[in-house]
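Working notes for the structure below.
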Amino acid sequence: MAQSQGWVRRYAKAFCKGFFVAVPVAVTFLDRVACVARVEGASMQPSLNPGGSQSSDVVLLNHWKVRNFEVQRGDIVSLVSPKNPEQKIIKRVIALEGDIVKTIGHKNRYVKVPRGHIWVEGDHHGHSFDSNSFGPVSLGLLHAHATHILWPPERWQKLESALPPERLPVQREEE
């Protein structure tokens, strides 16, 4: 009986050590490196959720890639909603700071993106709450860069950073 209690104690001690090491490592990884998220809604169709409400894509979000606020035109990014800080939204970067962009339904026909900001839009313009509604977005609201579709399996792919030709900035800041 004494031997079985010794085995249980060793097992419990090893489990606790592993648990108290694994949990902080996992939390740090998910917070700083990458995580997965389910995409809801039609704003990014056809790039994401092409089947509409019947299915939701699950994407890999790379936090590490945006840690220095380095994004490119065409990147699909996750960011904190400027209108509702409790919500994260996923959009495509259309313009960077200094660019002049032709808007779609914004109060101004053309907008120069201020320093420290980006212009984001959904791919499905008629169904997207984006910079055309709330204006340029602060880089501080960036959450992650969407890099791959992980689910459903038949849609597994790398997400390309492509800007639709009709959404090129009118004038680009010299890089």
Side-chain angles (χ1 to χ4, degrees), residues 24-49 56-150 157-175:
V25 169
V27 168
T28 301
F29 181 85
L30 292 173
D31 188 47
R32 298 288 175 199
V33 180
C35 66
V36 296
R38 186 168 57 105
V39 178
E40 297 174 348
S43 72
M44 285 301 293
Q45 286 178 343
S47 300
L48 300 172
N49 292 348
S56 292
D57 286 344
V58 175
V59 295
L60 178 66
L61 297 176
N62 184 334
H63 299 286
W64 194 255
K65 197 165 182 181
V66 298
R67 71 188 181 286
N68 295 324
F69 308 113
E70 294 172 6
V71 293
Q72 303 298 317
R73 291 174 196 90
D75 286 353
I76 297 177
V77 296
S78 166
L79 50 126
V80 176
S81 171
K83 295 294 183 187
N84 180 3
E86 301 290 317
Q87 182 183 27
K88 295 222 175 40
I89 58 176
I90 189 162
K91 304 292 175 198
R92 187 177 302 276
V93 177
I94 300 298
L96 305 173
E97 61 183 37
D99 290 349
I100 297 174
V101 66
K102 185 176 180 183
T103 65
I104 303 171
H106 188 264
K107 61 185 176 187
N108 301 324
R109 182 111 170 109
Y110 296 94
V111 172
K112 181 172 183 177
V113 181
R115 185 167 190 212
H117 289 71
I118 54 176
W119 188 270
V120 296
E121 293 179 357
D123 288 355
H124 195 186
H125 298 297
H127 299 280
S128 182
F129 184 66
D130 53 28
S131 286
N132 289 298
S133 303
F134 46 71
V137 177
S138 171
L139 286 170
L141 296 178
L142 268 178
H143 175 250
H145 179 250
T147 59
H148 293 81
I149 297 175
L150 302 176
Q157 63 185 300
K158 183 178 189 311
L159 289 169
E160 299 299 326
S161 293
L163 196 57
E166 70 276 5
R167 296 307 301 141
L168 289 172
V170 175
Q171 180 181 350
R172 292 182 178 194
E173 185 74 9
E174 296 303 317
E175 295 175 1

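- Here the closest non-hydrogen pair linking R115 and H117 is O-ND1, 3.0 Å.
- By the side chain to side chain donor-acceptor pair (under 3.5 Å) test, S131 pairs with no residue at all, sequence neighbours left out.
- Under a 3.5 Å cut-off, the side chain of D75 and the backbone N or O of Q72 do form a donor-acceptor pair.
- With sequence neighbours excluded, the residues satisfying ring-ring contact (aromatic ring centres under 6.0 Å, His included) with F134 are F129.
- Shown here are the salt bridge (charged side-chain N to carboxylate O under 4.0 Å, His left out) partners of E70, two or more places apart in sequence or in another chain: there are none.
- A side-chain donor from one of S43 and K91 sits under 3.5 Å from a side-chain acceptor of the other.
- V80 pairs by the side chain to side chain contact (heavy atoms under 4.5 Å, CB included) definition with P85, K88, L141, not counting sequence neighbours.
- Using modelled atom types, no side-chain atom of D99 and backbone atom of P169 make a donor-acceptor pair closer than 3.5 Å.
- Remark: the backbone N or O of L48 is not paired with any side-chain donor or acceptor of D57 at under 3.5 angstrom.
- Annotation: the span from H125 atom NE2 to S128 atom OG amounts to 8.0 Å, rounded to 0.5 Å.
- Remark: H143 engages S78 in a side chain to side chain donor-acceptor pair (under 3.5 Å) (not counting sequence neighbours).
- Pairing each heavy atom of V113 with each of L96, the nearest pair is CB-O, 3.4 Å.
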- Would you check, one step at a time, whether the test side chain to side chain contact (heavy atoms under 4.5 Å, CB included) holds for N132 with W119? CA-CA 9 Å; N132 289 298; W119 188 270; 3.5 Å; yes
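- Scanning both residues, V111 and P136, for their nearest heavy atoms gives CG1-CG, 4.1 Å.
- R67 pairs by the salt bridge (charged side-chain N to carboxylate O under 4.0 Å, His left out) definition with nothing, not counting sequence neighbours.
- H148 meets the ring-ring contact (aromatic ring centres under 6.0 Å, His included) test with no other residue; sequence neighbours excluded.
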- Message: Set out, in order, the CA-CA distance, both residues' side-chain angles and the distance that settles side chain to side chain contact (heavy atoms under 4.5 Å, CB included) for Y110 and V170, then state yes or no.
- Response: CA-CA 9 Å; Y110 296 94; V170 175; 3.7 Å; yes
I'd like a table of donor-acceptor pairs (distance under 3.5 Å, sequence neighbours excluded) in which one partner is a side-chain atom from residues 101-109, with atom names and distances.
residue	atom	partner	partner atom	Å
T103	OG1	N108	O	2.6
T103	OG1	R109	O	3.1
H106	ND1	N108	N	3.1

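- The ring pair (Phe, Tyr, Trp, His ring centres under 6.0 Å) contacts involving residues 75-99 comprise nothing, where partners must be two or more places apart or lie in separate chains.
- By the side chain to side chain contact (heavy atoms under 4.5 Å, CB included) test, Q157 is found to be paired with I149, R155, residues two or more places apart in sequence or in another chain being considered.
- A donor-acceptor pair under 3.5 Å links the side-chain atoms of H124 to the main chain of A42, judged by distance alone.
- The salt bridge (Lys or Arg N to Asp or Glu O under 4.0 Å) analysis of residues 118-145, with sequence neighbours excluded, yields the pairs R92-D123, E121-R167.
- Under the side chain to side chain contact (heavy atoms under 4.5 Å, CB included) criterion, E160 pairs with K158, sequence neighbours left out.
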